[in-house]
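I have placed the structure first, in the form of structure tokens, so that the comments after it can refer back to it.
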Amino acid sequence: MTRLSQYLLPTERQAPADAEAVSHKLMVRAGLVRQMGAGLWTWLPAGWRVHRRVEAVVRQEMDAIGGQEMLMPVLQPADLWRRSGRYEIDELFKLLDRRRAELVLAMTHEEAVTFHVASLVRSYRDLPKILYHFQVKERDEPRPRAGVLRTREFIMKDSYSFDRDPDGLAASYQRHIEAYDRMLDRCGLEWYRVVSDVGIMGGTAAHEYMAPCPAGENEVALAPGYAANVEVAAADAVPVSLPDAGEQPVELSTPGLVTVEQVAGALGVEPGALLKAYPVVADSAGMVLVMVRGDHRVNELKLARALGERARPAHEEEIAEQLGPPGFIGPVGIDARVPVLVDEAVAEGAYVTGANRPDRHLRGAVPGRDFSFRRADVRRVEAGDTVDGQAIRIEPAIEVGNIFQLGTRYSEALGASYLDEHGREQPIWMGSYGIGPARIAAAAVEQFADEQGISWPRTIAPFAVSLIAVGKADGAERRAAEQLYGQLVEGGLDVLYDDRDAGPGEKFADAELLGCPLRLTLGRRSLESGTVEVQVRRGRQAREGIPISEDPTQEIRSLWETLP
RNA sequence: CGGGGAGUGGCGCAGUCUGGUAGCGCACCCGGCUGGGGGCCGGGCGGUCGCAGGUUCAAAUCCUGUCUCCCCGACCA
């Protein structure tokens, strides 16, 4: 049923007042989704069509690499999650049934699939395997946001690979890379595959698929031949000119100057000629003084990796007690008491840094001469840094997919092993691979929207064609449109036929808001020329009318196939 | 979890300060006109003002409590 007069497509002229992201506003306005609660969304018929189109692409590519589709429950015994060590995750929904048995709502399905594989797979002959499903995920998000981009309940395709050894895992991983590349290409998105953090729970490799868009929650560092999540990105810093080192550091009076900008300005040096102190307290190592260039920032994730444990910024009292007055902290003279960690981007030379005395800085502090230190890459990359001589840029992006080499973490915890050719028990090597159709849809909205509304890539558009009849309900235009509608449907095209008794302006506006790739119009004007008018939604280009004296379906289909 | 904002008809809002029994635009329904970019005229339907308690002759409005939603940050296995 795709006559608009009968179809549930509640378009709105105004976006909800609380909507901020483009995709949030447009998906609501276009009648694709409606909110039920924080991070809880209903997909209305047209929106669900988009979702299912994305699913279809994902399913085809999963099947193409030998994936086998199945379905596992969302409601699961808590015990499995205790065994895997993930029960304590705050985002995990926990509940009790009437007998007070503990259950959880799954946020992914590693436990479930490993549970089954553990009991069903016995022999090396049963491996490798790729199993996948499309299933609802539940996450008690601290802050759902941006419409459908970050929700508490969403559908994900998650697949799991099971291999005999690390080489097998690498091969399965590679097949997923190729499948994911194809999925996102086919969905018409602009995307990057970036190196990502493997997470605290380990694993040997991980990539994220990022779709750049303004509402994105992540940042990616990009250069020709390079793409990485800013969380893990490493690049060469822009060099900075340093003043000559003297015989020893000279103490300067810098009353009240506590920021890099203030000190650099007062001393007439570049911010990068300062060493900025960032005291942290690590879980077991205690206070560590992290030093980065004045124009750089600490990357907490890289710092945690360098320290081998979590660390938090030190409190003012801790700083005052162990180092000196906050704002005037530096590495000179304290390195015997507090370990100093210097970022790799700090080149050899003399720097300005805090003197650990009120209203005093040091000029000419030389790492190694004036204080001892350990070196590590702990800074966040900045736009303009280089990788292989190429400047990077940093863009916001939404994570639409991620792939992990899990290794044996879950198989060992849940007892998924097999007997090898020699009858020896071996752990199964696993990978996990997620992709979110809702995020792909929202990213497409973000990437291709214009003033008029959405402009879908044709592979995931809710309909191939919006057909508009302009004119009276019983007029010749309407009769011609009815006939054309019948021909197009007969020819296998997905058509949304606007047969409402509404004005032309309203119909055009709604069609462009919904964003199907082709808009066909039949009205007085086109009837006089014996054609149906054609507009390509992307760019709103008018194309030459297509004669309707004979069935134009093939010609329309051919045109549609050329669209992005 | 910290900070900020908001709950009044389907959507967007006014009314709250100064208490007097709810209003506007759009949408919707009926009739008519119009018929190529959200058109016009006339007539209508629809809201226990988030919820609970309190003050008062009287509460959308004042007081107390509570729930929900949004934004920024933190968090995001």
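Sequence lines set the chain letters: A, B, ... in the order given, protein chains first and strands last, and positions in each chain run from 1.
- Side-chain atoms of A/Pro504 lie closest to B/G37 of the nucleotides B/G37, B/C69, B/A77.
- Using cut-offs of 30° and 60° for the angle between ring planes, the A/Tyr173 and A/His207 rings count as tilted.
- Listed nucleotides: B/G36, B/G38, B/G37. Nearest to the side chain of A/Asp510: B/G38.
- Within residues 23-36 of chain A, the residues that have a heavy atom under 4.0 Å from RNA chain B are, in order of number, A/Arg29, A/Gln35.
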Every protein N/O within reach of nucleotides 25-31 of chain B N/O, cut-off under 3.5 Å:
residue	atom	partner	partner atom	Å
B/G25	N2	A/Gln14	OE1	3.4

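- A/Asn402 comes within 4.0 angstrom of no nucleic acid atom, judged by non-hydrogen atoms across all strands.
- Every residue two or more places apart in sequence or in another chain was checked for a ring-ring contact (aromatic ring centres under 6.0 Å, His included) with A/Trp456, and none qualifies.
- Between the side chains of A/Ser172 and A/Asp163, at least one donor-acceptor pair of N or O atoms lies under 3.5 Å.
- Nucleic acid contact for A/Arg145: sugar-phosphate only, since backbone atoms but no base atoms lie under 4.0 Å from a heavy atom of the residue.
- Side chain of A/Ala38, nearest nucleotide from B/C69, B/G36, B/G38: B/C69.
- Remark: P of B/G10 and CG of A/Leu44 are 16 Å apart, rounded to the nearest angstrom.
- Remark: the A/Arg519 side chain and the B/G37 base include a donor-acceptor N/O pair separated by less than 3.5 Å.
- As the counterpart of B/A52, B/U64 is assigned, both hydrogen-bonding distances of the Watson-Crick or G-U wobble pattern falling under 3.5 Å.
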Can you name the atoms? Protein N/O to nucleotides 42-44 of chain B N/O, anything below 3.5 Å, with the distance.
none

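- For the residue pair A/Ser159/A/Lys157, the side-chain donor-acceptor check at 3.5 Å is satisfied.
- With sequence neighbours excluded, no residue forms a ring-ring contact (aromatic ring centres under 6.0 Å, His included) with A/Tyr132.
- More than 12 heavy atoms of other shown residues, nucleotides or ligands fall within 6.0 angstrom of atom CD in A/Gln541.
- The gap from the P atom of B/U8 to that of B/A52 amounts to 15 Å, rounded to the nearest Å.
- B/C63 sits 14 Å from B/U16 when the C1' atoms are compared, rounded to a whole Å.
- Pairing partner, B/C1: B/G73, with both Watson-Crick or wobble hydrogen-bond distances short of 3.5 Å.
- Under the 6.0 Å distance and 45° angle rule, A/Arg82 counts as a cation-pi partner of A/Tyr87.
- Each of A/Glu88 and A/Gln535 lies near RNA chain B, and the nucleotide nearest A/Gln535 is the one positioned closer to the 5' end.
- Atom CZ of A/Arg500 and atom P of B/G38 are 14 Å apart (whole Å).
- Comparing B/G37, B/C11, B/G36 by their nearest atom to the side chain of A/Ser526 picks out B/G36.
- As rounded to the nearest Å, B/G19 and B/U61 have C1' atoms that lie 6 Å from one another.
- A/Glu141 places its CD atom 14 Å from the P atom of B/C69, with the value rounded to the nearest Å.
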Tabulated below should be each protein N or O lying under 3.5 Å from an N or O of nucleotides 2-8 of chain B; please produce it.
none

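- A donor-acceptor pair is defined here as one N or O able to donate and one able to accept, closer than 3.5 Å; such a pair exists between the side chain of A/Arg458 and the backbone of A/Leu563.
- A side-chain donor-acceptor contact under 3.5 Å links A/Ser411 to the backbone of A/Thr408.
- Note: CD (A/Glu477) to P (B/G36) measures 9 Å, nearest angstrom.
- Counting non-hydrogen atoms under 4.0 angstrom, A/Pro16 reaches the backbone sugars and phosphates but no base.
- One atom, CD of A/Glu217, and another, C1' of B/G73, lie 13 Å apart when rounded to the nearest Å.
- With sequence neighbours excluded, the residues that form a side-chain hydrogen bond (donor to acceptor under 3.5 Å, both in side chains) with A/Arg538 are A/Ser455.
- Using atom C1' as the reference point in both B/G39 and B/U21, the two lie 38 Å apart (nearest Å).
- In this entry B/C24 has B/G12 as its Watson-Crick or G-U wobble partner, both defining distances falling under 3.5 Å.
- Less than 6.0 angstrom separates the ring centroid of A/Tyr7 from the ring centroid of A/Phe463.
- Both A/Phe508 and A/Asp18 lie close to RNA chain B; mapped to their nearest nucleotides by heavy-atom distance, the more 5′-ward contact belongs to A/Phe508.
- The ring-ring contact (aromatic ring centres under 6.0 Å, His included) check on A/Tyr209 picks up A/Tyr180, A/Trp191, with sequence neighbours excluded.
- With a cut-off of 3.5 Å on both pairing distances, the Watson-Crick or G-U wobble partner of B/G42 is B/C30.
- The pairing partner recorded for B/G37 is none, the criterion being a Watson-Crick or G-U wobble arrangement whose two distances lie under 3.5 angstrom.
- For A/Trp429, there are no ring-ring contact (aromatic ring centres under 6.0 Å, His included) partners two or more places apart in sequence or in a different chain.
- Between A/Arg86 atom CZ and B/A77 atom P there is a gap of 10 Å when expressed in whole angstrom units.
- B/C17 and B/C62 have their P atoms separated by 5 Å, given to the nearest Å.
- Across the protein-nucleic acid pair, A/Glu91 atom CD and B/C1 atom C1' stand 12 Å apart, rounded to whole Å.
- Using a 4.0 Å heavy-atom criterion, one finds that A/Glu110 contacts no nucleic acid atom at all.
- Among the nucleotides B/G10, B/G38, B/C13, the one closest to any side-chain atom of A/Ala17 is B/C13.
- Taking A/Ser5 as the reference, A/Asp499 meet the side-chain hydrogen bond (donor to acceptor under 3.5 Å, both in side chains) condition, with sequence neighbours excluded.
- Comparing B/A60 with B/G47, their C1' atoms sit 11 Å apart, to the nearest whole Å.
- Regarding A/Asp140, its CG atom lies at a distance of 15 Å from the C1' atom of B/A77, rounded to whole Å.
- Proximity of a side-chain donor or acceptor of A/Thr151 to a complementary backbone N or O of A/Glu153 within less than 3.5 Å is detected.
- To the nearest whole angstrom, the two C1' atoms, one in B/G9 and one in B/U18, are 27 Å apart.
- Backbone-only contact: A/Ala15 has heavy atoms under 4.0 Å from sugar-phosphate atoms and none from a base.
- A gap of 14 Å separates the P atoms of B/C49 and B/G10, to the nearest Å.
- Ion pairing of A/Glu477 with A/Arg524 is absent here, as no side-chain N (NZ or NE/NH1/NH2) approaches a carboxylate O to less than 4.0 Å.
- The salt bridge (Lys or Arg N to Asp or Glu O under 4.0 Å) analysis of residues 7-17 of chain A, with sequence neighbours excluded, yields the pairs A/Glu12-A/Arg34.
- Comparing B/G36, B/C75, B/A77 against the side chain of A/Tyr410 picks out B/A77 as the nearest.
- Counting only residues at least two apart or on different chains, no ring-ring contact (aromatic ring centres under 6.0 Å, His included) pair has a member in residues 499-524 of chain A.
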